[in-house]
Amino acid sequence: MAEVLQEGTVPMRSKHQGKLIGVLPPIYPEWLGSHDFISAFGGRFPYVVGEMARGISSAQMVASAAAAGMLAFFGSAGLRIDETDTAIGQIRAQLGPTARNWGVNLIHSPQDLAAEMAFAELAIKRHLSVVSASAFMRLSPAIVLLSAKGLKRRRDGTIERPLQLFAKISRAEVAKQFILPPPEAILCDLVGSGKLSTEEAQLAAQLSVAEQVTVEADSGGHTDNRPLTVLLPLIASMAHEISLTHKYATHPRIGAAGGLGTPVAIAAAFALGADYVVTGSINQCALESGLSTDARSLLAEAKATDIAMAPAADMFERGVKVQVLKRGTLFAQRAQRLYDLYRRYQNLDDIPAREREELESNLFGQPIEQIWINTVAHFSKANPTELERAEHDPHHKMALVFRWYLFMASEWARQGVIERRHDYQIWCGPVVGGFNQWVRGSFLELSEQRSVVQIGLNLLEGAAQITRAHQLRLAGVSVPSSAYDFRPRRMR
C-alpha cells in the first residue's frame, strides 16, 4: 500500500491529518534491481546465489534457490567434468527442462585450458542457459565459444543468444575484455577448428562477450579486496560508454558481489545502481551447503575480524592468495609457511631434515614420499602435463606436493574430518561476521535454521524496508534509526 506523507509526522494513511507532502508508492523486493534482469532469466528476484567451489554451492542449493525465484550457480570449480555433468542432471530433474534461472561455474584454469574447453563443450551439449565465469585474467577460447555458440539472427533482425554469460570480475581491465566484442583472432581460430560457424563468429563480433558483469568487491576465496563503492560505479560507467560506442541492443547488466550479507549492504548495492546482487560466503552456512556441519559451525561463530589471506591452491606458484576463515583453524598460517619454504628452497631435498620431519609429523600427517605417490595418481588422470613438468623441474614438484595440502585442507572442511579441524580451509570474507551479528537473537542464528531461501528472502525483504525508510527520509520525514534495523523472520 502507498504511504501518505504529512509534514512533521511519521507516515500516516489519512490525508485529513497534517500537511500533505506526497504519496510514496509501495516497494517490493522484486523491484529493487533491474526488471529486465528478472525478465531475462524467468525468475522473481534480482538476487543471485553465487557459486562456491567444489560443490559447496550444491545441486540442492541451486534447485532450492531457483525454485524460490532466485538465480543460482552450481559450484563446479575443482570438480571433475563428470561430477559437474551429474549435478546438471540433478538440478534439471528438480526444476524441469525449461527453467532458465540457474547455471554452473567455469573457473579460469590457465594451466589447463583443455579443461576449460571440455567444460564449455559440456555446457553447450547440455543446453545450459547460464554460465558464470570467474577468476579470469584474460579471455580464453572456451569463454568465447560459450559466448558465440548458437547465435542466430531472428526474423526481426535482432540476435538470439541461447547461452548467457556472467563475468565475475574485480578489475577494470578484465571487465573491459568481457564488455567488448570477442577478439577477432580467437573467433577465427574457433571457426578454423570447426567449433564455430562463420555466421556465429560474425554475429559474435557485434555483441559483448558477456551481457552480465558481476563486480566482485571484498569477498571470500579469490579476491582483490576492492571497495564496492569505488569499483561498481567505475565498471558501470565503462560499460555504458562501450555500449554506446558499439551500439549494443542490450547494454551489459551490472551486478554487485562481495561483502553482501546484511539488508543494509544489499540496499546499498542497489542504491549504487546494481541491476542484481550476488551472495556467496554466507550461503556456506546454509543447510543445502556442500560444506560439512562441523565447518558450518565454525562459520556460525565467526566475527568480521576472524579472516585471513592464505596462498591459493590453484595459483600457488604465482603467489596468488585467497581469503579464508581464521577462527578455529591454523590453515592460513600453515599454508603461508609452505609458501615461504617454496620461496626459500628450490628442491624438496634442500629442506633441512629437522624441518622436513616436523612438516611430515605435524602438518602433512604422512611422509612426503607418500604425498608424491598420491599426487602422481591424481595428475596422471587430471593433467599429466603437470607431472611432465615436475620431472624436469624439482621446484615445480615441490609446488605440487605443497598444493596437495592446500587441496586437502578444503576437502577436510567439506567432509568434516574432525581430526584435521585445525587444517580446514574455509573460503569466506568479513561479511560472515556481519551476517552473524545481524541474525543474532533470531531464528537464523541457529545453523540448522539457515536455509538458502530464508537467508535470501530476509535479505531482500530487509533491503526493501531500508530502501523505503530512506525514501521517507528524502521526502522530509523524520525517520527513526529503528526503521533501518530489519530483524530476520520466517518468510513464506
Side-chain angles (χ1 to χ4, degrees), residues 53-54 56 78 220-222 284 290-303 305-380 382 386-387 390 393-429 432:
R54 296 187 187 169
I56 292 176
H222 286 286
Q284 291 189 105
L291 206 59
S292 67
T293 301
D294 187 48
R296 294 203 304 268
S297 70
L298 290 179
L299 280 173
E301 299 171 358
K303 297 179 180 178
T305 53
D306 293 332
I307 307 298
M309 298 299 294
D314 55 348
M315 299 183 187
F316 179 81
E317 290 160 281
R318 301 184 183 192
V320 175
K321 294 190 174 185
V322 289
Q323 192 158 222
V324 299
L325 180 68
K326 180 173 63 175
R327 182 187 179 96
T329 170
L330 299 174
F331 170 77
Q333 302 96 300
R334 291 178 170 180
Q336 185 59 47
R337 181 185 176 191
L338 291 178
Y339 185 70
D340 291 342
L341 290 172
Y342 172 76
R343 293 288 303 275
R344 190 179 310 151
Y345 302 108
Q346 294 298 310
N347 193 316
L348 286 168
D349 295 334
D350 294 339
I351 301 176
R354 187 172 181 178
E355 186 150 26
R356 178 170 172 142
E357 290 172 5
E358 200 277 332
L359 283 177
E360 291 179 334
S361 60
N362 295 335
L363 197 152
F364 293 144
Q366 58 185 286
I368 286 177
E369 288 76 11
Q370 182 59 51
I371 293 175
W372 180 242
I373 291 173
N374 296 338
T375 300
V376 169
H378 170 74
F379 282 108
S380 294
E386 293 276 20
L387 298 178
D393 182 356
H395 203 212
H396 185 59
K397 179 178 179 179
M398 179 191 290
L400 293 183
V401 169
F402 289 175
R403 282 166 57 187
W404 170 89
Y405 171 77
L406 304 182
F407 174 86
M408 291 305 301
S410 59
E411 286 297 293
W412 293 324
R414 284 205 314 154
Q415 297 168 12
V417 182
I418 303 297
E419 58 269 25
R420 299 306 301 250
R421 195 183 209 210
H422 289 311
D423 295 295
Y424 282 0
Q425 178 181 188
I426 304 174
W427 303 300
C428 69
V432 170

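As the structure is a prediction and not an experimental result, all values here were calculated from the model.
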Can Arg421 and Leu298 be said to form a side-chain contact (heavy atoms from CB on, under 4.5 Å), step by step?
-> CA-CA 10 Å; Arg421 195 183 209 210; Leu298 290 179; 3.4 Å; yes

Would Ser410 and Trp427 count as a side-chain contact (heavy atoms from CB on, under 4.5 Å) if you check the C-alpha gap in whole Å, the side-chain angles of each, and the deciding distance to 0.1 Å?
-> CA-CA 9 Å; Ser410 59; Trp427 303 300; 3.9 Å; yes

Worked verdict on Asp314 versus Leu406 for side-chain contact (heavy atoms from CB on, under 4.5 Å) | CA-CA 9 Å; Asp314 55 348; Leu406 304 182; over 6 Å; no

Please report the closest heavy-atom contact between [X] and [Y], naming both atoms and the distance.
X      : Y      : result
Val432 : Ala302 : CG1-CB, 4.0 Å
Leu387 : Val376 : CD1-O, 3.6 Å
Gln366 : Asn374 : OE1-ND2, 3.6 Å

Say whether, by atom type as modelled, one donor and one acceptor occur between the side chain of [X] and the main chain of [Y] under 3.5 angstrom.
X      : Y      : answer
Asn362 : Leu359 : no
Gln415 : Ser292 : no
Thr329 : His422 : yes
Arg403 : Ala313 : yes

Measure the shortest side-chain to side-chain distance between [X] and [Y] over non-hydrogen atoms and say whether it is less than 4.5 angstrom.
X      : Y      : result
Trp404 : Leu400 : no
Phe364 : Ile371 : yes
Pro311 : Leu338 : no
Asp350 : Arg344 : no
Val324 : Ile307 : no
Tyr345 : Pro352 : yes
Val401 : Leu348 : yes

Just to verify, what does [X] make a side chain to side chain donor-acceptor pair (under 3.5 Å) with, not counting sequence neighbours?
X      : answer
Arg337 : Glu358
Asp423 : Arg334, Tyr405, Arg420
Trp412 : none

Should Arg354 and Glu357 be marked as a salt bridge (charged side-chain N to carboxylate O under 4.0 Å, His left out) after you check the CA-CA gap, both sets of side-chain angles, and the distance that decides it?
-> CA-CA 5 Å; Arg354 187 172 181 178; Glu357 290 172 5; over 6 Å; no

Gap separating the [atom1] atom of [X] from the [atom2] atom of [Y], nearest 0.5 angstrom:
X      : Y      : atom1 : atom2 : answer
Arg54  : Gln425 : CZ    : CD    : 7.0 Å
Lys303 : Arg327 : NZ    : CZ    : 6.5 Å
Ile351 : Glu360 : CD1   : CD    : 9.0 Å
Ile368 : Thr375 : CD1   : OG1   : 10.5 Å
Leu330 : Gln336 : CG    : CD    : 14.0 Å
Ile426 : Lys326 : CD1   : NZ    : 14.0 Å

Residues forming a salt bridge (Lys or Arg N to Asp or Glu O under 4.0 Å) with Asp340, sequence neighbours excluded =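 Listed in chain order: nothing, the list is empty.
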
Near-ring test His395/Tyr342, centroid separation under 6.0 angstrom |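 Centroid separation for Tyr342 and His395: below 6.0 Å.
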
Tell me whether the centres of the aromatic rings in Phe316 and Tyr339 are closer together than 6.0 Å.
->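 Ring centroids of Phe316 and Tyr339 are less than 6.0 Å from each other.
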
Tell me the salt bridge (charged side-chain N to carboxylate O under 4.0 Å, His left out) pairs involving residues 362-377, sequence neighbours left out?
->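 Residue pairs passing salt bridge (charged side-chain N to carboxylate O under 4.0 Å, His left out), neighbours aside: Arg356-Glu369.
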
Going by atom types alone, do His222 and Gln323 pair a side-chain donor with an acceptor below 3.5 Å?
->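 Short answer, no.
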
Can you list the steps and then say if Lys397 with Phe402 is a side-chain contact (heavy atoms from CB on, under 4.5 Å)?
-> CA-CA 9 Å; Lys397 179 178 179 179; Phe402 289 175; over 6 Å; no

What do the steps show when you test Gln370 against Trp372 for side-chain hydrogen bond (donor to acceptor under 3.5 Å, both in side chains), and what is the final call?
-> CA-CA 5 Å; Gln370 182 59 51; Trp372 180 242; over 6 Å; no

Return the set of residues passing ring-ring contact (aromatic ring centres under 6.0 Å, His included) with His378 (not counting sequence neighbours), or none when no residue passes.
->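 Checked His378 against ring-ring contact (aromatic ring centres under 6.0 Å, His included); zero matches.
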
